[in-house]
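Before any comments, here is the structure.
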There are 2 protein chains.
Amino acid sequence: MHAIEEILRKKKIKVTPQRMAVYSILKQSKFHPNVEMIYQKLKPDFPAMSLATVYKTMDVLKKVGLIQELNVGEGGLRYDAQIRPHSHIYCKNCGKVVDVDHFPLEELQDSLLEKVKEETGFNILFVQLYFFGTCPECNDKKELLEASS
Amino acid sequence: MHAIEEILRKKKIKVTPQRMAVYSILKQSKFHPNVEMIYQKLKPDFPAMSLATVYKTMDVLKKVGLIQELNVGEGGLRYDAQIRPHSHIYCKNCGKVVDVDHFPLEELQDSLLEKVKEETGFNILFVQLYFFGTCPECNDKKELLEASS
DNA sequence: TTCATAATTGATAGCAGTTATTACTTAAAA
DNA sequence: TTTTAAGTAATAACTGCTATCAATTATGAA
Ligand SMILES: [Mn+2]
Ligand SMILES: [Mn+2]
Ligand SMILES: [Zn+2]
Ligand SMILES: [Zn+2]
């Protein structure tokens, strides 16, 4: 039995094929997909599945702590099965979301969170760090376009 | 003439009472309001103003760089006339958004942005750092509630 | 295995925030 | 002034998401 099944059963949450399928898409890829992307990817295997089920599944997986939600300022949200604290960079041109692995978000939490707690009096639950810009691929395309004009 | 008027005129953007009013609300407060809050605050002075005008004004002010947009994961967006890079902390209980002034977001940009650029190949335009938790006021209320039960 | 039951699913209506459209109005250049 | 490009108000339309509910299914007790 997979780890996710145990986690769900322990919380009296039913293990359904839809939930397993959604989680496996997230676990396999570094894609940070949104609900619509997940829905489209599952369509071949689950042609009857409703978009509402994907939304509800994201909610369940988030609540049990198996995934994290990213908000890069598009309409909808992105999801990530990598729950270790790490930051992300977003391409404003093509919408790509990439991990920034070597950025010290974990150290930051340990060393500076206490300072922010003191300054604000807040009880801090988590931190999100986003970089915004344009990805190498988009930059290359733009250069080519400019060179040919 | 105010600085904002010059900036708008220089870009051939008309200076209207509605735009000035929206900007002055943001400039005066540390409130990080959303569109609805701004709209309600302007109603007494501009009873005829449309919500759509507030939306369009936010867009204009953002594009000319007079304000920044914050996304704390509510439905809508928050706005800030303080455009110097700084991070924010959000109370998940009451929705308050507070500046984290002493957090080294500016230093972070100077010292570590180059590293992230190298790692990802992205051209980085800006950074957003959000802390999430519960504010002192909400924490006190909760304590009182628990003590009396 | 079978069955009872509560949880989940799929379909769809509804909602909130936002954007597009359009006829009327106005700021500001000539 | 007059002209006109830009802006405003009102509102329809769109989008991401949630609520509702009848039909289905996972789970565990018998
Ligand atoms: Mn990630
Ligand atoms: Mn601020
Ligand atoms: Zn890109
Ligand atoms: Zn609070």
Side-chain angles (χ1 to χ4, degrees), chain A residues 1-2 4-23 32-40 42-64 66-67 69-79 90 95 97, chain B residues 1-2 4-23 32-64 66-67 69-79 95 97:
Chain A
M1 198 195 295
H2 289 272
I4 169 178
E5 295 189 30
E6 274 189 76
I7 291 169
L8 293 178
R9 286 217 174 83
K10 213 168 275 177
K11 306 213 176 187
K12 310 270 183 208
I13 295 168
K14 286 186 182 172
V15 175
T16 67
Q18 291 90 337
R19 284 174 179 164
M20 298 306 282
V22 167
Y23 183 70
H32 306 96
N34 60 25
V35 166
E36 186 62 32
M37 293 168 187
I38 294 169
Y39 178 62
Q40 291 303 335
L42 288 175
K43 232 174 191 173
D45 291 332
F46 297 82
M49 184 162 49
S50 166
L51 192 57
T53 300
V54 183
Y55 277 105
K56 281 181 254 184
T57 300
M58 301 329 286
D59 208 49
V60 168
L61 294 178
K62 190 179 61 175
K63 272 183 182 144
V64 301
L66 277 165
I67 62 172
E69 207 174 64
L70 307 179
N71 191 334
V72 291
E74 297 175 314
L77 301 164
R78 302 294 199 106
Y79 294 91
Y90 176 71
V97 176
Chain B
M1 196 195 296
H2 288 274
I4 167 176
E5 294 189 30
E6 273 188 75
I7 291 170
L8 293 178
R9 288 216 175 84
K10 212 168 275 178
K11 303 212 178 189
K12 310 270 183 207
I13 295 168
K14 285 187 181 170
V15 175
T16 67
Q18 291 88 340
R19 284 175 180 165
M20 299 305 284
V22 168
Y23 184 70
H32 306 95
N34 60 25
V35 167
E36 186 62 32
M37 293 167 187
I38 294 170
Y39 178 62
Q40 291 303 334
K41 207 152 194 174
L42 287 176
K43 234 175 190 172
D45 291 330
F46 298 81
M49 183 161 50
S50 166
L51 190 58
T53 298
V54 183
Y55 276 105
K56 281 183 243 178
T57 300
M58 302 330 284
D59 209 48
V60 168
L61 294 177
K62 190 179 61 177
K63 272 184 183 145
V64 302
L66 278 165
I67 62 171
E69 206 173 66
L70 306 180
N71 191 335
V72 291
E74 298 176 314
L77 301 163
R78 301 295 198 105
Y79 293 92
V97 175

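Numbers restart at 1 for each chain; the letters A, B, ... are given by sequence-line order, proteins then strands.
Between B:L51 and B:Y55 there is a side-chain heavy-atom pair separated by less than 4.5 Å. Counting heavy atoms from C-beta on, the side chains of B:L61 and B:R19 never come closer than 4.5 Å. Side chains of A:K63 and A:I13 form no contact here, defined as non-hydrogen atoms less than 4.5 Å apart. Using a 4.5 Å heavy-atom cutoff, the side chains of B:Y79 and B:E69 are in contact. Residues A:Y39 and A:E36 form a side-chain contact, since some pair of their non-hydrogen atoms from C-beta on lies under 4.5 Å apart. Annotation: side chain of B:L77 is not in contact with side chain of B:V35 (no heavy-atom distance under 4.5 Å).
Regarding contacts with the backbone of D:dA9, a side-chain N or O of B:T53 is found under 4.0 angstrom from either OP1 or OP2.
Minimum heavy-atom separation, A:M49 to A:L42: CE-CD1, 3.1 Å. The two residues A:I67 and A:K62 make their nearest non-hydrogen contact at CG1-N, 3.6 Å.
Here chain A contacts DNA chain C (any atom closer than 4.0 Å to a heavy atom, that is under 4.0 Å), and the contacts span C:dA6 to C:dT12 from 5' to 3'.
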Heavy-atom protein contacts under 4.0 Å, nucleotides 25-30 of chain D, coded B base, S sugar-phosphate only, - none: BBS---
Contact pattern, 5' to 3', of nucleotides 15-24 of chain D - B, S or - by protein heavy atom under 4.0 Å: -SBBBB----
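The main-chain N or O of A:L70 is never found under 3.5 Å from a side-chain atom of A:R78 such that the two would form a donor-acceptor pair.
Interatomic distance, B:E6 CD to B:K10 NZ, rounded to the nearest 0.5 Å: 5.5 Å.
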